[in-house]
S.K.: 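Before I ask anything, here is the structure I am working with.
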Amino acid sequence: MPVEVDLHLHTTESDGRLTPAELVKLVAERGLKVVAITDHDITDALEPAWETAKSYPQLTIIPGIELSTDIPGSEIHILGYYIDYKNKDLQAKLQWFRDSRIGRAKQMVDKLGELGFPVDWDRVKEIAGEGTIGRPHIAHAMVEKGYVSVPKEAFNKFIGNNGPAYSQRVKQTPEEAIELIINAGGVPVMAHPSYVNNLNEVLPKLKEAGLKGMEVHYAEYDQATRNKLGKTAAKYGLLTCGGSDYHAFGVPGEHEPGEAGPPMKVAEAIKELATSVK
Ligand code: AMP
Ligand code: ZN
Ligand code: FE
Ligand code: FE
């Protein structure tokens with residue numbers, strides 16, 4: 001059943017393929033009431049999204065972010081809601097992350113060339129556009145070249161975390177990402193927690209650092225996974241958040257906005273916790 005709240009969406013400013021305006025139109029047409037735009041390392045979608053949303057007064061757009069962090073042997077994504085996107089420290093850090101991603105993406109393109117799968121760096125930059133460059137842009141270029149049939153195959157064979165063409169981002173701990181979000185008045189939430197190996201070791205530490213929620217209503221998760229994660233969230237006193245993690249990749253089986261998300265009361269609880277909201 002479609003939901004009213006979707007707290008995980010990407011645009012062309014990072015690795016999504018709808019512009020902020022296109023995304024806002026889509027979520028409004030799909031009947032969503034509260035959404036968060038959570039691009040990787042960038043907040044530039046927010047102002048154009050709010051501009052478009054003036055035509056849809058029933059729709060609220062929460063300013064969000066998604067930050068990639070590292071723990072030994074695993075990766076954790078931290079979402080931030082109601083961040084003060086004008087916060088200077090936040091923007092300086094985001095700029096640094098984005099800048100460092102350029103050299104890292106180039107390294108992956110170089111490795112692909114060495115492996116016998118040359119992709120044109122200029123084409124990858126063109127696909128990425130002005131915003132945050134990421135592996136999905138490289139995956140897209142590989143599909144265009146015919147090396148793989150869908151982006152997922154590029155991850156499975158080449159640029160996944162253990163793949164032969166993978167290159168690491170600059171490292172950041174989840175505690176650092178949580179601090180960055182809190183200092184910008186936002187509410188930190190763990191994204192897609194089932195991908196984290198030792199969740200029960202990690203969660204108490206991150207709760208201590210200020211984590212306020214974790215994704216449970218995540219489109220990719222079946223009911224059994226959601227039930228299990230719901231219990232884990234309750235155990236640590238975390239809000240049960242979620243969303244579609246929509247990128248408009250246009251691949252078979254992709255989850256659409258509004259296919260999953262938390263109840264409205266969770267969105268309200270997040271707003272209550274945000275110190276950026278006056
Ligand atoms: P990056 O931020 O450059 O490390 O790229 C990570 C992004 O790639 C994630 O946020 C997802 O959107 C996408 N991604 C990660 N793993 C996969 C996968 N196995 N298949 C398709 N997309 C993936
Ligand atoms: Zn993404
Ligand atoms: Fe993520
Ligand atoms: Fe995401």
Side-chain angles (χ1 to χ4, degrees), residues 8-23 26 37-46 48-49 64-70 75-79 91-172 177 191-192 195 220 244-255:
H8 196 156
L9 299 162
H10 295 273
T11 77
T12 43
E13 289 298 334
S14 65
D15 51 8
R17 294 179 69 185
L18 294 188
T19 63
E22 288 166 342
L23 180 71
L26 178 68
I37 295 184
T38 54
D39 275 317
H40 303 274
D41 299 342
I42 195 162
T43 59
D44 289 13
L46 296 173
I65 194 78
E66 183 171 12
L67 302 172
S68 304
T69 76
D70 307 278
E75 195 174 307
I76 296 180
H77 292 184
I78 303 286
L79 298 157
Q91 287 301 341
K93 208 66 191 274
L94 295 181
Q95 182 73 55
W96 181 67
F97 290 141
R98 294 200 297 277
D99 289 346
S100 71
R101 278 170 168 275
I102 299 170
R104 177 252 194 171
K106 177 79 169 61
Q107 277 177 10
M108 288 191 273
V109 166
D110 289 345
K111 286 187 192 178
L112 285 170
E114 286 160 22
L115 289 167
F117 299 91
V119 292
D120 184 9
W121 173 237
D122 285 336
R123 179 63 191 137
V124 174
K125 282 193 293 184
E126 194 174 52
I127 293 167
E130 295 281 303
T132 306
I133 194 165
R135 283 181 284 169
H137 303 118
I138 299 174
H140 183 167
M142 294 191 77
V143 173
E144 278 185 355
K145 279 282 197 179
Y147 299 145
V148 291
S149 53
V150 288
K152 201 169 194 59
E153 194 185 341
F155 280 86
N156 292 343
K157 291 188 178 158
F158 299 102
I159 55 176
N161 287 29
N162 298 311
Y166 178 69
S167 174
Q168 171 78 51
R169 274 172 293 94
V170 288
K171 288 209 183 239
Q172 171 180 221
H192 34 71
Y195 304 144
E220 191 84 7
S244 58
D245 202 357
Y246 183 61
H247 286 79
F249 285 140
V251 293
E254 178 168 21
H255 298 285

S.K.: What pairs of residues pass the ring pair (Phe, Tyr, Trp, His ring centres under 6.0 Å) test when at least one of them lies in residues 104-128, not counting sequence neighbours?
M.R.: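 Found F117-Y147, F117-F158.
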
S.K.: Can you list the steps and then say if I133 with I138 is a side chain to side chain contact (heavy atoms under 4.5 Å, CB included)?
M.R.: CA-CA 9 Å; I133 194 165; I138 299 174; 5.9 Å; no

S.K.: Could you list the residues that satisfy side chain to side chain donor-acceptor pair (under 3.5 Å) with D120, not counting sequence neighbours?
M.R.: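 Here no residue qualifies.
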
S.K.: If only atom types and distance count, is the side chain of R17 paired as donor or acceptor with the main-chain N or O of G250 below 3.5 Å?
M.R.: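 Side chain of R17 to backbone of G250: no pair is present.
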
S.K.: Has R123 got a side-chain atom pairing as donor or acceptor with A141's backbone, closer than 3.5 angstrom?
M.R.: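 The answer is no, because no donor-acceptor pair under 3.5 Å joins these two groups.
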
S.K.: When rounded to the nearest 0.5 angstrom, what is the spacing between CG in D44 and CD1 in I37?
M.R.: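 Rounded to the nearest 0.5 Å, the CG-CD1 separation comes out at 11.5 Å.
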
S.K.: Flag yes if more than 12 heavy atoms outside E130 fall under 6.0 Å of its CD atom; otherwise flag no.
M.R.: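 Open: at most 12 neighbouring heavy atoms sit under 6.0 Å from CD of E130.
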
S.K.: D245 side chain to H8 main-chain N or O, any donor-acceptor pair under 3.5 Å?
M.R.: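 No, the answer is negative, given that no donor and acceptor are paired below the 3.5 Å cut-off.
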
S.K.: A177 and T69: which non-hydrogen atoms are nearest, and at how many Å?
M.R.: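 Heavy-atom minimum between the residues: CB-CG2, 3.5 Å.
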
S.K.: Run the side chain to side chain contact (heavy atoms under 4.5 Å, CB included) check on D70 and R169 step by step: do they pass?
M.R.: CA-CA 9 Å; D70 307 278; R169 274 172 293 94; 3.6 Å; yes

S.K.: Side chain to side chain contact (heavy atoms under 4.5 Å, CB included), that's the test. Do S244 and L9 meet it? Break it down for me.
M.R.: CA-CA 7 Å; S244 58; L9 299 162; 3.5 Å; yes

S.K.: Are any side-chain N or O atoms of T38 and backbone N or O atoms of G64, one a donor and one an acceptor, separated by less than 3.5 Å?
M.R.: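 The answer is no, because no donor-acceptor pair under 3.5 Å joins these two groups.
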
S.K.: What residues, two or more places apart in sequence or in another chain, satisfy side chain to side chain donor-acceptor pair (under 3.5 Å) together with D110?
M.R.: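 D110: side chain to side chain donor-acceptor pair (under 3.5 Å) contacts with K106.
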
S.K.: Compare all side-chain heavy atoms of S68 with those of R101 and state whether any distance is below 4.5 angstrom.
M.R.: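 Answer yes - side chains close enough.
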
S.K.: Specify the closest pair of heavy atoms between Y246 and H255, including all atoms of both residues, with the distance to one decimal.
M.R.: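 Distance-wise, the nearest heavy atoms are CD1-O, 3.1 Å.
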
S.K.: For residues T19 and T12, report the shortest heavy-atom separation together with the two atoms involved.
M.R.: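 Looking at all heavy atoms of both residues, the closest pair is CA-OG1, 3.3 Å.
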
S.K.: Could you check whether R104 and Q107, counting side-chain N and O atoms only, form a donor-acceptor pair closer than 3.5 Å?
M.R.: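 No - no donor-acceptor pair under 3.5 Å links their side chains.
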
S.K.: Tell me, with the steps shown, if H10 and E66 meet side chain to side chain contact (heavy atoms under 4.5 Å, CB included).
M.R.: CA-CA 9 Å; H10 295 273; E66 183 171 12; 2.9 Å; yes

S.K.: For a salt bridge (Lys or Arg N to Asp or Glu O under 4.0 Å) check, start with the C-alpha distance between K111 and E114, then their side-chain angles and the critical distance, and finish with the verdict.
M.R.: CA-CA 5 Å; K111 286 187 192 178; E114 286 160 22; over 6 Å; no

S.K.: Using modelled atom types only, decide if a donor and an acceptor are shared between the side chain of T132 and the backbone of H40 within a distance under 3.5 Å.
M.R.: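 Looks like yes, one N/O pair under 3.5 Å.
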
S.K.: Which label fits H192 and H77: parallel for a plane angle under 30°, tilted from 30 to 60°, or perpendicular past 60°?
M.R.: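 H192 vs H77 ring planes: perpendicular.
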
S.K.: Do you know which two heavy atoms are closest between A154 and V148, and how far apart they sit?
M.R.: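 Taking A154 first and V148 second, the nearest heavy atoms are N-CG1, 3.8 Å.
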
S.K.: Without hydrogens or angle criteria, can the side chains of T43 and Q91 be said to hold a donor-acceptor pair below 3.5 Å?
M.R.: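 Indeed, the side chains of T43 and Q91 share at least one donor-acceptor pair under 3.5 Å.
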
S.K.: What's the separation between atom CG in N161 and atom CD in Q168, rounded to the nearest 0.5 Å?
M.R.: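 Result: 8.0 Å between the selected atoms.
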
